[in-house]
Amino acid sequence: MFYKKAVLLIVHLLALFAFLSGICLLYGSAAFREGLSWVNPAHYEDSPAFEALLRDRVQQLLGYVRYRDVFETDGAFDADNEVFSYSDGNGAEKIFSVSDVLAYAKEHGYSFDNDYRVIHDDAAPGGDGQTYPITWRAYRETQKATGPGSAFKTLDTMTREVMQCLGDYYRGVKLFNTGNSNLYYLLEIDGRKNYTNRPGLSDAQARSFGRYAIFNSENPLPDNNLPETPNKIRSLLLEEVSSRTADYHLILAVDTNYPLQDAFYQGVLNYARQRALYGVGMIFLFAGASFMLFTLISLSLLSGHKRKGAVEIQLLPIDRYRIESKALLLVALCALCMLFATRVAVRILHLMLPTAYWSFSEKLLHAAIIYLFVLLFWFSALRMHKAKILWQNSFLRELFESLVRQSRTVSFVQRMTVYYLLFLLVNLAGAVTASFFLLHGKSLNARLEASFLILLLAIFDLWLYQHLYQKQSESDEIAAAIGLLDSEPDRSEQLLDPARFHGKEARLAATINNINAGLQRALNDSVRSERMKAELITNVSHDIKTPLTSIINYIDLIRRAHPSDPAVQNYVDILERKSQHLKTLTEDLVEASKASTGNVQIDPVKIDFVELVEQTNGEFEERFSESGLTLIPTLPEEPLYIFADGQHLWRVLENLYNNACKYAAKNSRVYAEVSADEAFVSFTLKNISASALNISPEELTERFVRGDRSRTTEGSGLGLSIAKSLTELQGGTLDIQIDGDYFKASVRFRRVTE
């Protein structure tokens, strides 16, 4: 596996070298920026290189024609021709001829190189440095001074300027009048000036050559067979003609057989060579890129595996670092390598390459260094990913988890504040930028950029609105679920689906579901507990009833035997009283259990409540007298009707009267009152308790709770609880009020008028 990785890595580096070589070959081509379209022209004459060379030669030709009028007389070079004049300090005009300029140049160290470029000998004596107003230049008749300073020159400056013009003239002679040019021309201006390097050149003869262009002041369209209309050549021609109203006739012709070895001939050779190099460069480029991609994928699949099929990932020491630390380390090393390359490698490249390629070579070298370090980072991150420690072993994960923890404590107000500030900042920045583009940018691109920015702002605002709408919708759904939890606590299904919520709302939805589940468990436990207690009471009461009935029967048999011993007779009385109390308690337990669970059959009928209270008063009048109580009824004369079950309503009144009989203070009064309004009929029973009532009304109506906490009186503590349950089952209400020793019980039913 190691050797396979090594081979793939070597192939990848070789492919990288081929890729960079292809880029260099393409960049070295004259048509580097023209892409694949450059290889389409089949002939040099159809290529941009030919057009550029022709335009350059025409520009040199027109300059040469201008300089012929300056430096020639009757077609021959004349050193006595005047080239410029200046005014000396006394106001006299001094005129310099070509011979004067050459003499001054020789004296002060100015000369030509082999290409007629002006060179200067620094060891030669300099001029006086004085500036003079230049009054006239033969080679710039139409040029005007742009300011007072531009009209003043030193003699050295004027000498260099004239010699540069003379050098351009000599190059024109070399190019066009030595018989070594495949470009033929003829220029006529106003029918009097005639310039040509091929006497007798006519329009018809020009058309017989490979490429030609004929310009005439009378025809705005040039006659030509060039790949593109030579408008730039016409512009150059008009600049050289002193007046745009002057008549001119220009014939340009290139012999595409290239019998002479001039620049056009060299252009054909270079074109063929560059086409070949361009093709090779494209092959290197695509082949290198393909092999780079293939080897990169292969190395990515093998990276981290010690052998084929191994599950365990082999990490290098650098892989133990956090991904952010590793990135900073590699960036620092990359910067050091680029600094070394700039200080050392780039200077070596400068020694090997032409000046035109220096900038490109530096960029290519820096790009190669960056790629190698990116490659190192990629494989290290890939091994960490395969080992599943890339995310776990990162500062970004810790930061993300910290932000998540912090977001859980962010309140709704803080969150809305952040959203609002974000909305303001983004829209303000976007509005300012779009306004700047619209106010300061008059081009179509500026308007398009402003429109695109406005579109982005609209998309952002819509996204923020949708986000806030979703959050509010989730809050509304949670509020509705809380309402259901309050109004329907017995809902067994899940109130909310946490998958439909996000962020803090998702946690809140899960919490509400947990509360609902806990409430359902509590309700189920409560119902099960109540049912078990009811079943226990019923079963125990049933089990007690059988032996209790036997005890009562045997007590009755003993009493019928008329025992002679008074003590035995007393014992029998006690047993009979206690057994009856136990029987009553058992019956109360069964009835309380049924009443609390609603397991009681109710048959409501129309009942005269006043009549029922009168009957109850009659039943308990004797018992109240035995207990030393005085019953004071207050009953209306007319009947008051309600819907209730007579048997169960009687039991309610019986329990209330029994409660008063047991717990009212001796020699006190018990007040029974029936009243009514348009909607309800009320019964009130009031008395003074024999003992302090240190208990709340709510506790007093619970089961097995008695007002007599010392339990010195007989009672089960179920009477008021049974009365309350039976009253509510019949649609009425029973309220208890306590104020010190004062006790008041109120029963209320809806009144029946018909």
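Index from 1, following the sequence.
Aromatic ring orientation, Tyr419 versus His467: perpendicular (interplanar angle above 60°, classes split at 30° and 60°). The aromatic rings of Tyr170 and Phe112 sit perpendicular, their planes meeting at an angle over 60°, well past the 30° parallel limit.
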Going through the checks in order, is the side-chain contact (heavy atoms from CB on, under 4.5 Å) test met by Phe294 and His12?
CA-CA 8 Å; Phe294 170 75; His12 184 81; over 6 Å; no
Decide ring pair (Phe, Tyr, Trp, His ring centres under 6.0 Å) for Tyr271 and Tyr44; before the verdict, give the C-alpha distance in whole Å, the side-chain angles of both, and the deciding distance to 0.1 Å.
CA-CA 6 Å; Tyr271 181 76; Tyr44 170 65; 5.7 Å; yes
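You'll find the side chain of Leu316 reaches within 4.5 Å of the side chain of Asp319, heavy atoms only. Contact check for Glu45 versus Leu226: no side-chain heavy atoms found under the 4.5 Å cut-off. Between Val280 and Phe284, some side-chain heavy-atom pair lies under the 4.5 Å cut-off. A 4.5 Å side-chain heavy-atom check between Phe19 and Phe286 finds every atom pair outside the cut-off. Contact of the Leu372 side chain with the Leu376 side chain is not registered, since no non-hydrogen atoms from C-beta on lie closer than 4.5 Å. Contact of the Val374 side chain with the Leu330 side chain is not registered, since no non-hydrogen atoms from C-beta on lie closer than 4.5 Å. Thr342 is not listed as a side-chain neighbour of Leu365, based on a closest heavy-atom distance of 4.5 Å or more. Side chains of Ile323 and Lys326 form a contact here, defined as non-hydrogen atoms less than 4.5 Å apart.
Under a cut-off of 6.0 angstrom, the local environment of OH in Tyr321 is sparse, with at most 12 non-hydrogen atoms contributed by other residues, nucleotides or ligands. Other residues, nucleotides and ligands contribute more than 12 heavy atoms inside 6.0 Å of the OH atom of Tyr258.
Residues satisfying the side chain to side chain donor-acceptor pair (under 3.5 Å) test with Glu401, not counting sequence neighbours, are Arg397.
The two residues Gly210 and Asn225 have their closest heavy-atom pair at O-ND2, 2.9 Å. Here the closest heavy-atom approach between residue Gly129 and residue Thr154 is recorded as O-CG2, 3.7 Å.
Seen from the ring of Tyr116, Arg171 does not count as a face-on cation partner, given the 6.0 Å and 45° thresholds.
Note: Phe395 CZ to Arg322 CZ = 4.0 Å, rounded to the nearest 0.5 Å. Interatomic distance, NE2 of His366 versus SG of Cys337, reported as 10.5 Å (0.5 Å rounding). The CD atom of Glu398 lies 8.5 Å from the CG atom of Asn393; values are rounded to the nearest 0.5 Å. Taking CZ of Arg55 as the start and CZ of Phe50 as the end, the distance is 11.5 Å to the nearest 0.5 Å. Taken from CD in Glu51 to CD1 in Ile233, the straight-line distance is 7.5 Å, to the nearest 0.5 Å. Taking CD1 of Ile512 as the reference point, atom CG of Leu496 lies at 5.5 Å (rounded to 0.5 Å).
The aromatic ring centres of Phe460 and Phe423 sit 6.0 Å or more apart.
Counting only N and O atoms by type, the side chains of Glu362 and His350 include a donor and acceptor under 3.5 Å apart. Residues Ser303 and Lys386 have side chains that never bring a donor and an acceptor to within less than 3.5 angstrom of each other. At a cut-off of 3.5 Å, with distance as the only test, a side-chain donor of Ser300 or Trp378 sits close to an acceptor on the other residue. With no hydrogens or angles considered, a side-chain donor-acceptor pair links Gln472 and Asp476 at under 3.5 Å. Remark: the Thr295 side chain and the Ser298 side chain contain no N/O donor-acceptor pair separated by less than 3.5 Å.
Ion pairing between a basic and an acidic side chain is recognised when a charged N comes within 4.0 Å of a carboxylate O; Glu477 and Arg500 show such pairing. Lys174 has no carboxylate O lying under 4.0 Å from a charged side-chain N of Asp262, or vice versa, which leaves the two without a salt bridge.
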